[in-house]
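Below, chains carry the letters A, B, ... as their sequence lines are ordered, and counting in each starts from 1. Note that this is a predicted model, so its numbers are computed, not measured.
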There are 2 protein chains.
Amino acid sequence: MGTRNTDTRNTDTRNQDHLCRAFKALANPTRLRIYQQIRDQRSGEVADSGCKLVDFINSLKVGAPTVSHHLKELVNAGLIEVRRDGRFLTCYLREDMREELRRFWERT
Amino acid sequence: MGTRNTDTRNTDTRNQDHLCRAFKALANPTRLRIYQQIRDQRSGEVADSGCKLVDFINSLKVGAPTVSHHLKELVNAGLIEVRRDGRFLTCYLREDMREELRRFWERT
DNA sequence: ATTAAAGTTCGATAGTTGTCGAACTGTCAA
DNA sequence: TTGACAGTTCGACAACTATCGAACTTTAAT
């Protein structure tokens, strides 16, 4: 079984859960910062500079376990993905999710 | 003293708090529903049908105190405003805030 | 193989949130 | 003015969240 049409709720309701989890993930200052940093560096000139997990640990005022926890939340909400890149975990924006959120805020 | 330039944080940081509080307000299924209902009815044909607080109490599965609480959160986050309209409180979308959020999700 | 750095997991704890019922305060119609 | 409906405030409580330190695993450099 796939993930589509496997429950009795309608598309709107499922879509709403989806949105709601995204907003929840961004409803924390530390996570919002992380998200923005990943989004903003992505369009920078040095494409390979990356957004490494370790940099968040060093730049933010929270410890490694907390950063690990927050990153997991962002991944679970579908906002970012994390890949191993040599010694480091690097974070990437999920453009599909960003597009979905952009559509939500679009003018009628 | 006004509300501008009265602290040492930069504009980005203040703007982030702003966004964060908006996302927090939408990070709850009941509040997201309320917000969407207000937003969607606004562009409906019968402009004066309004989004009355009492209708939320009847249509959602939560009691009056809870709706009251949620509405206050949405107001405090700057997402909606509430005005008395005869016997009822009616909810209106804050278009300025919507625009701000639209800009956040805009493509680079 | 050692070691150092990168990252996770666990358990604890303080703080926040969603919800309720009860009691309260308007506001309008009869 | 009384009664009914609209809405708020308060106190309580369970559930959830953010954070930490300690202990652990994984990765790569030496």
Side-chain angles (χ1 to χ4, degrees), chain A residues 13 16-38 41 48-92, chain B residues 13 16-38 41 48-92:
Chain A
T13 306
Q16 219 187 9
D17 283 0
H18 206 216
L19 287 166
C20 208
R21 279 189 298 134
F23 291 140
K24 180 139 67 181
L26 297 169
N28 170 277
T30 304
R31 281 197 299 263
L32 182 55
R33 261 178 177 288
I34 291 173
Y35 182 79
Q36 282 186 290
Q37 209 155 314
I38 293 168
Q41 92 79 38
D48 274 350
S49 70
C51 254
K52 302 184 187 54
L53 193 158
V54 69
D55 294 334
F56 292 129
I57 294 171
N58 293 328
S59 65
L60 303 170
K61 293 192 212 62
V62 290
T66 305
V67 170
S68 185
H69 162 69
H70 284 320
L71 238 40
K72 216 184 310 183
E73 296 275 307
L74 289 169
V75 169
N76 288 150
L79 287 162
I80 64 167
E81 56 188 329
V82 173
R83 290 200 298 273
R84 183 132 231 143
D85 183 23
R87 307 175 58 178
F88 307 106
L89 289 191
T90 313
C91 307
Y92 301 91
Chain B
T13 306
Q16 220 188 9
D17 283 359
H18 206 216
L19 287 167
C20 208
R21 278 189 298 134
F23 292 139
K24 181 139 66 179
L26 297 169
N28 169 277
T30 304
R31 282 196 301 263
L32 181 55
R33 259 177 178 289
I34 291 173
Y35 182 79
Q36 282 184 290
Q37 208 155 317
I38 294 168
Q41 93 79 37
D48 274 351
S49 70
C51 254
K52 302 184 185 57
L53 194 158
V54 69
D55 293 334
F56 292 130
I57 295 171
N58 294 328
S59 65
L60 302 171
K61 293 192 212 61
V62 290
T66 305
V67 170
S68 185
H69 163 69
H70 284 320
L71 238 41
K72 216 185 308 184
E73 296 276 306
L74 289 168
V75 169
N76 288 149
L79 288 163
I80 65 166
E81 56 188 329
V82 173
R83 291 199 297 273
R84 182 133 232 144
D85 184 23
R87 308 174 58 178
F88 306 104
L89 290 191
T90 314
C91 306
Y92 301 91

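- Here dT19(C) presents its P atom at 14 Å from CD1 of Ile57(B), a figure rounded to the nearest Å.
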- Which is it for Gln37(B) and Phe56(B) under the side-chain contact (heavy atoms from CB on, under 4.5 Å) test, yes or no, and what are the steps along the way? CA-CA 9 Å; Gln37(B) 208 155 317; Phe56(B) 292 130; 3.8 Å; yes

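- For dT8(D), the OP1/OP2 oxygens have a side-chain nitrogen or oxygen of Ser68(B) closer than 4.0 Å.
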- Task: For nucleotides 19-30 of chain D, just jot down a letter per nucleotide in 5' to 3' order: B, S or -, based on protein non-hydrogen atoms under 4.0 Å.
- Result: BBBB----SS--

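- Atom CG in Asp55(A) sits about 15 Å away from atom P in dA5(C), given to the nearest Å.
- Arg84(B) is linked by a salt bridge (charged side-chain N to carboxylate O under 4.0 Å, His left out) to nothing, counting only residues two or more places apart in sequence or in another chain.
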- Working for side-chain contact (heavy atoms from CB on, under 4.5 Å), residues Tyr92(B) and Ile38(B): CA-CA 6 Å; Tyr92(B) 301 91; Ile38(B) 294 168; 5.6 Å; no

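- Taking atom CZ of Phe88(B) as the reference point, atom P of dA4(D) lies 17 Å away to the nearest angstrom.
- Under the 3.5 Å distance criterion, the side-chain polar atoms of Ser68(B) are left unmatched by any main-chain donor or acceptor of Ala64(B).
- Taking atom NZ on Lys52(B) and atom P on dC5(D), their separation rounds to 17 Å, with Å as the unit.
- Atom C1' of nucleotide dC16(D) and atom CZ of Arg21(A) are separated by 16 Å, given to the nearest angstrom.
- Contact annotation: Lys24(B) reaches the phosphate of dT17(C) (side-chain N/O to OP1 or OP2, under 4.0 Å).
- Of the possible donor and acceptor atoms, none in the side chain of Asp55(B) sits under 3.5 Å from a partner among the backbone N and O of Cys51(B).
- The separation between Phe56(B) atom CZ and dT19(C) atom P is 15 Å, rounded to whole Å.
- Between Leu71(A) atom CG and dA6(C) atom P there is a gap of 15 Å when expressed in whole angstrom units.
- Taking only side-chain nitrogens and oxygens, Lys72(A) comes nearer than 4.0 Å to OP1 or OP2 of dT9(C).
- Remark: the backbone N or O of Phe88(A) is not paired with any side-chain donor or acceptor of Asp85(A) at under 3.5 angstrom.
- Applying the side chain to side chain contact (heavy atoms under 4.5 Å, CB included) rule to Leu53(A) yields the partners Ile57(A), Val67(A), Leu71(A), Leu89(A); only residues at least two apart in sequence or on another chain are considered.
- Under 4.0 angstrom from either OP1 or OP2 of dT17(C) there lies no side-chain N or O belonging to Arg31(B).
- Whole-Å rounding puts the Leu89(A) CG to dG7(C) P distance at 5 Å.
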